[in-house]
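Input: a single structure, listed below in structure tokens.
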Protein chains: 2
Amino acid sequence: MKHQLQIKMNEALYLRDPESTVLGKNILKHSVHLIHKQGFEAFTFKKLAEDVGTTEAGIYRYFENKHKLLVYLTAWYWGWLEFQISFQTNNIKDPEVRLRRVVELLATTVKDDQQTSYINESLLHQIIIAEGSKAYLTKQVGEDNKLQFFKPYKDLCAVVGNIISECSPKYKYPKSLASTIIEMAHFQNFFMYNLPSLTDFGKTKKEAEIISFLNDLVFSSLKKK
Amino acid sequence: MKHQLQIKMNEALYLRDPESTVLGKNILKHSVHLIHKQGFEAFTFKKLAEDVGTTEAGIYRYFENKHKLLVYLTAWYWGWLEFQISFQTNNIKDPEVRLRRVVELLATTVKDDQQTSYINESLLHQIIIAEGSKAYLTKQVGEDNKLQFFKPYKDLCAVVGNIISECSPKYKYPKSLASTIIEMAHFQNFFMYNLPSLTDFGKTKKEAEIISFLNDLVFSSLKKK
DNA sequence: GTAAAAAGATAGTAATACTATCATAAAAAA
DNA sequence: TTTTTTATGATAGTATTACTATCTTTTTAC
């Protein structure tokens with residue numbers, strides 16, 4: 001039997017649940033493709049409506065505006081990633097081995113897993129790299145946070161922070177180190193491809209090197225006494 | 001005698017040099033205030049024109065669009081910061097002491113220095129924290145990079161990367177570590193105030209703790225053999 | 001004092017970001 | 001099966017944004 005993965009989303013993110021209808025799923029699917037292709041700034045609901053084969057009003061019935069849609073997609077991604085991590089590190093006893101696996105999962109280009117038919121995780125991963133920070137780098141971050149929009153992101157950071165603390169109970173900055181490696185898994189990737197002189201991987205453009213860098217960063221912090 | 005600091009800006013960033021006229025300087029001054037107050041998304045040239053006491057067309061004579069203006073302000077900031085760093089670390093021989101000073105300068109809230117009358121560095125610093133990444137997180141990052149828009153940022157990273165290499169010539173990731181601490185000096189600050197559970201400083205909200213975290217991160221990476 | 005450059009004033013356009021309304025089709029409840 | 005509800009389609013309309021164009025007046029430079 002194939003298991004269908006459903007990620008429980010915050011209801012305040014949408015006007016009508018996009019996962020509950022065909023049109024809604026199409027909106028999600030095409031918005032991933034369109035944001036990936038055009039970038040978030042050039043992305044509009046009108047273009048999206050054309051791609052989906054509906055009207056602008058049709059999109060507005062699901063999402064209040066494109067910012068909410070972006071927050072929805074990022075929340076979905078972090079929820080999905082946390083599941084991947086808990087699944088893939090399940091049964092790993094040694095916290096150090098587990099942490100290495102987590103770093104690897106954070107920094108590895110995602111393959112489209114067929115479990116969720118309407119969202120292409122690989123494209124979504126690239127969207128998160130290039131646009132993800134825009135979900136919270138806004139003036140409404142406080143209100144959005146009160147509405148729990150960033151809970152999946154914060155949950156993932158907490159999970160990673162807890163593994164860090166397991167490895168090294170005396171380490172003083174587990175949460176900040178967790179948010180640092182999560183952000184840097186993405187930023188170093190963006191820099192590598194777009195502003196390569198900001199990294200040491202510009203020549204080879206290998207993700208494996210980002211993973212080595214992050215592991216080195218994490219484990220030198222934790223092993224120092 | 002008072003020294004007036006002039007930062008040499010890339011000419012492709014503007015249509016008319018804003019530092020060469022009174023109106024231009026007013027545009028810079030008010031855009032810092034307005035972006036700080038409203039956030040970059042809500043910031044428009046029309047509102048800016050009202051604040052400055054000119055018309056929309058007046059602004060467009062200086063800047064093609066608000067994205068270019070943001071890139072201008074970020075470039076100005078990084079140029080200014082690199083000067084601060086070279087000035088404040090001048091004559092420090094020991095690279096480790098110098099690196100600590102750099103980390104401190106990167107993560108410390110800036111005071112408005114009166115050397116540049118029309119730009120409030122303190123507000124600009126907060127703009128860079130909240131909006132700075134939007135300067136390069138776009139689809140045009142490649143073209144913008146070709147036009148050298150990010151040179152001041154890359155130069156600063158190179159300076160920091162070189163100090164890292166001086167401290168520890170064998171360390172394999174000086175550039176990535178440099179971009180990591182520069183980005184994290186800002187992100188941890190943003191998180192501390194807006195999404196505090198992503199950091200270990202949510203309770204105290206002390207910049208000094210961010211500095212300690214970054215120093216710990218850097219020097220455990222460099223001292224590990 | 002004259003020429004050139006900058007700024008002010010005003011107008012106009014295409015696109016964006018919505019809101020509203022009414023008819024129809026599909027799904028759920030009676 | 002019929003009725004009712006709910007979702008979608010089609011169309012229209014508005015305020016704001018992001019510009020471009022033009023013409024006049026003021027300021028600055030030589």
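Heavy-atom basis, side chains included; hydrogens, waters and symmetry copies ignored. Predicted model, so just to flag it, every value in this text is computed and none were measured. Just so it is clear: chains get the letters A, B, ... in the order the sequence lines come, proteins before strands, and each one is counted from 1.
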What's the NZ-P distance between K66(A) and dA15(C), to the nearest Å? 16 Å
In whole Å, I'd like the distance from the NZ atom of K25(B) to the C1' atom of dA6(C). 15 Å
Counting the benzene-type ring for Trp, do W76(A) and H125(A) have ring centres under 6.0 Å apart? no
Would you indicate whether K29(A), at its atom NZ, is surrounded by more than 12 heavy atoms from other residues, nucleotides or ligands within a distance under 6.0 Å? no
Rounded to whole Å, how long is the line connecting atom CG of L23(B) with atom P of dA9(C)? 12 Å
Rounded distance in Å - CZ (R16(B)) to C1' (dT28(D)): 13 Å
Could you list by number each residue of residues 47-63 of chain B showing a heavy-atom separation from DNA chain C of less than 4.0 Å, or answer none if no residue does? T54(B), T55(B), A57(B), R61(B), Y62(B)
Figure out the CG/C1' separation between L15(A) and dT19(C), and round it to whole Å. 13 Å
Distance check needed: dT11(D) P versus K46(A) NZ, whole Å only. 14 Å
Of the candidate nucleotides dC18(C), dA7(D), dC19(D), which contains the atom at the shortest distance from the side chain of T21(A)? dA7(D)
In whole Å, what is the span from the CD atom of Q38(A) to the C1' atom of dA15(C)? 14 Å
Send over the distance from H67(A) NE2 to dT16(C) P, rounded to a whole Å. 19 Å
Report the relative orientation of the aromatic rings in Y136(B) and Y153(B); use parallel for angles under 30°, tilted for 30 to 60°, perpendicular for over 60°. parallel
To the closest 0.5 Å, what do you measure between CG (N120(B)) and CD (Q126(B))? 9.0 Å
Do Y62(B) and T21(B) meet the criterion of a side-chain donor-acceptor pair at a distance under 3.5 Å? yes
Side chains of Q38(A) and K139(B): any donor to acceptor distance under 3.5 Å? no
Assess whether atom NZ of K151(A) is packed by more than 12 heavy atoms of other residues, nucleotides or ligands within 6.0 Å. no
Face-on cation placement of K66(B) at F40(B) ring, 6.0 Å and 45° thresholds: yes
Please round to 10 degrees the angle between the axis of the first five pairs and the axis of the last five pairs in the helix from dG1(C)-dC30(D) to dA30(C)-dT1(D). 30°
Shortest side-chain distance from N65(B), nucleotide among dT16(C), dA7(C), dC19(D): dC19(D)
With the side chain counted from C-beta on, respond yes when L48(B) and I27(B) share a heavy-atom pair under 4.5 Å apart, and no when they do not. yes
